Amino acid sequence: MNGPRSPSNGFCPRCGAPFPVEFKGEWWETGARCGECGVGSAPQHFLGPSDGEVHHALGDWSLTARTAVTSALLELDIAYRWEAGLVLVVPEAVDDHVGRLLDEVDGAPTAEPPPPPGDLDHGGDDDGSAQAAMAELFDAADRLVRAPADPSRGEAAVAAAATVSSSACPYGLELSRWREIQRLGSTLAAEVAAAAPEAAVAADADALRQLLRNYV
């Protein structure tokens with residue numbers, strides 16, 4: 001017997017990653033938040049299975065590029081769905097348009113999250129600088145949610161994300177969670193720099209804000 005499913009049939013509607021699944025005897029349920037991009041399962045223009053559809057394998061695309069594609073599809077009111085292996089499925093009737101969109105996103109410069117510092121598991125940041133950086137990033141994300149097109153707020157978020165990316169893991173914080181914060185911060189900074197749609201910037205800023213809320 002199945003438990004609740006996400007509106008994207010088990011895959012994140014923004015980045016295509018599988019939602020976490022928890023088994024409870026005969027029941028299972030999907031996690032409320034994507035483990036890759038951090039957003040919750042939000043309604044989307046879901047494409048149901050049909051004969052007239054085209055599959056695009058985006059397994060080698062970055063998180064930033066995939067979220068840019070789905071944000072554009074939502075802006076254009078084009079139905080889509082994700083399938084296993086980061087495969088994007090779109091209607092055959094609009095595939096020429098989607099193909100041009102994929103070419104544009106694939107050719108655009110993106111800012112990838114920098115690799116984590118070489119030695120993050122040495123006991124954490126002891127001088128409090130990383131903790132302060134998290135607080136600044138939370139404040140910047142919170143302000144950006146309210147005004148995603150504001151240039152000054154965008155610049156503040158980019159600067160705060162850069163500080164977090166170059167900082168060691170704060171004392172007492174799990175390394176995996178710190179890397180997740182760094183990744184989401186860098187993704188948001190890349191979207192701001194690329195002038196992504198306001199809805200995408202606001203959604204990613206909110207995801208980062210919700211994640212940081214527990215640590216600042």
Side-chain angles (χ1 to χ4, degrees), residues 6-19 33-50 52-113 140-141 144-151 153-155 157-158 161 180 183-211:
S6 78
S8 56
N9 197 32
F11 299 94
C12 174
R14 181 165 298 280
C15 74
F19 275 106
R33 190 165 294 279
C34 175
E36 289 291 326
C37 69
V39 302
S41 55
Q44 67 172 95
H45 195 1
F46 184 73
L47 176 67
S50 68
E53 58 187 35
V54 179
H55 295 66
H56 294 277
L58 304 183
D60 59 346
W61 283 43
S62 69
L63 174 65
T64 301
R66 298 197 311 272
T67 58
V69 169
T70 52
S71 294
L73 292 175
L74 289 173
E75 289 283 333
L76 296 170
D77 198 30
I78 294 177
Y80 70 94
R81 73 174 184 273
W82 287 100
E83 293 187 349
L86 299 177
V87 173
L88 179 68
V89 186
V90 297
E92 184 177 14
V94 296
D95 187 55
D96 286 345
H97 186 82
V98 173
R100 290 192 295 271
L101 170 64
L102 293 175
D103 289 341
E104 291 175 2
V105 174
D106 191 31
T110 57
E112 293 297 321
L144 200 57
V145 168
R146 305 169 195 276
D150 187 302
R153 298 187 183 194
E155 291 174 3
V158 170
E180 182 180 3
R183 184 179 71 249
L184 290 180
S186 295
T187 297
L188 177 61
E191 289 196 337
V192 170
E198 291 183 30
V201 173
D204 288 336
D206 183 57
L208 183 57
R209 178 180 63 173
Q210 296 300 331
L211 177 60

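Please read these numbers as outputs of a predicted model, since none were measured by experiment.
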K.L.:
Does some side-chain heavy atom of W82 sit less than 4.5 Å from a side-chain heavy atom of L88?
P.N.:
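Yes, close enough: below the 4.5 Å cut-off.
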K.L.:
Please step through side chain to side chain contact (heavy atoms under 4.5 Å, CB included) for the pair L184 and D204, ending with a clear verdict.
P.N.:
CA-CA 8 Å; L184 290 180; D204 288 336; over 6 Å; no
K.L.:
Could you check whether any side-chain heavy atom of L144 comes within less than 4.5 Å of a side-chain heavy atom of L208, counting everything from C-beta outward?
P.N.:
no
K.L.:
Where is the tightest heavy-atom contact between P91 and I78, given as atom of each residue plus distance?
P.N.:
CD-CG2, 4.2 Å
K.L.:
Which heavy atom in R66 sits nearest to a heavy atom in L58, and how many Å separate them?
P.N.:
CD-O, 4.0 Å
K.L.:
Can you name the residues that form a salt bridge (Lys or Arg N to Asp or Glu O under 4.0 Å) with E83, not counting sequence neighbours?
P.N.:
R81
K.L.:
What distance do H97 atom NE2 and L102 atom CG have between them, rounded to the nearest 0.5 Å?
P.N.:
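That separation rounds to 10.0 Å.
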K.L.:
Stepwise, does the side chain to side chain contact (heavy atoms under 4.5 Å, CB included) test hold for L101 with L73?
P.N.:
CA-CA 9 Å; L101 170 64; L73 292 175; 3.8 Å; yes
K.L.:
Indicate the atoms forming the closest heavy-atom contact of S186 with A161, along with that distance.
P.N.:
N-CB, 4.4 Å
K.L.:
Can you name the one residue among Q210, R209, R153 that meets side chain to side chain contact (heavy atoms under 4.5 Å, CB included) with V145?
P.N.:
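In the set Q210, R209, R153, the residue that makes a side chain to side chain contact (heavy atoms under 4.5 Å, CB included) with V145 is R209.
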K.L.:
Report the distance from atom SG of C12 to atom CG of L86, rounding to the nearest 0.5 Å.
P.N.:
10.0 Å
K.L.:
Check whether any side-chain heavy atom of H56 sits under 4.5 Å from a side-chain heavy atom of V69, and report yes or no.
P.N.:
no
K.L.:
Determine whether Y80 and T70 satisfy the following criterion, side chain to side chain contact (heavy atoms under 4.5 Å, CB included), listing intermediate values before the conclusion.
P.N.:
CA-CA 8 Å; Y80 70 94; T70 52; 3.7 Å; yes
K.L.:
With sequence neighbours excluded, tell me which residues meet salt bridge (Lys or Arg N to Asp or Glu O under 4.0 Å) with R100.
P.N.:
none
K.L.:
Looking only at heavy atoms, what is the nearest atom pair of V201 and A196, with distance?
P.N.:
CG2-O, 3.9 Å
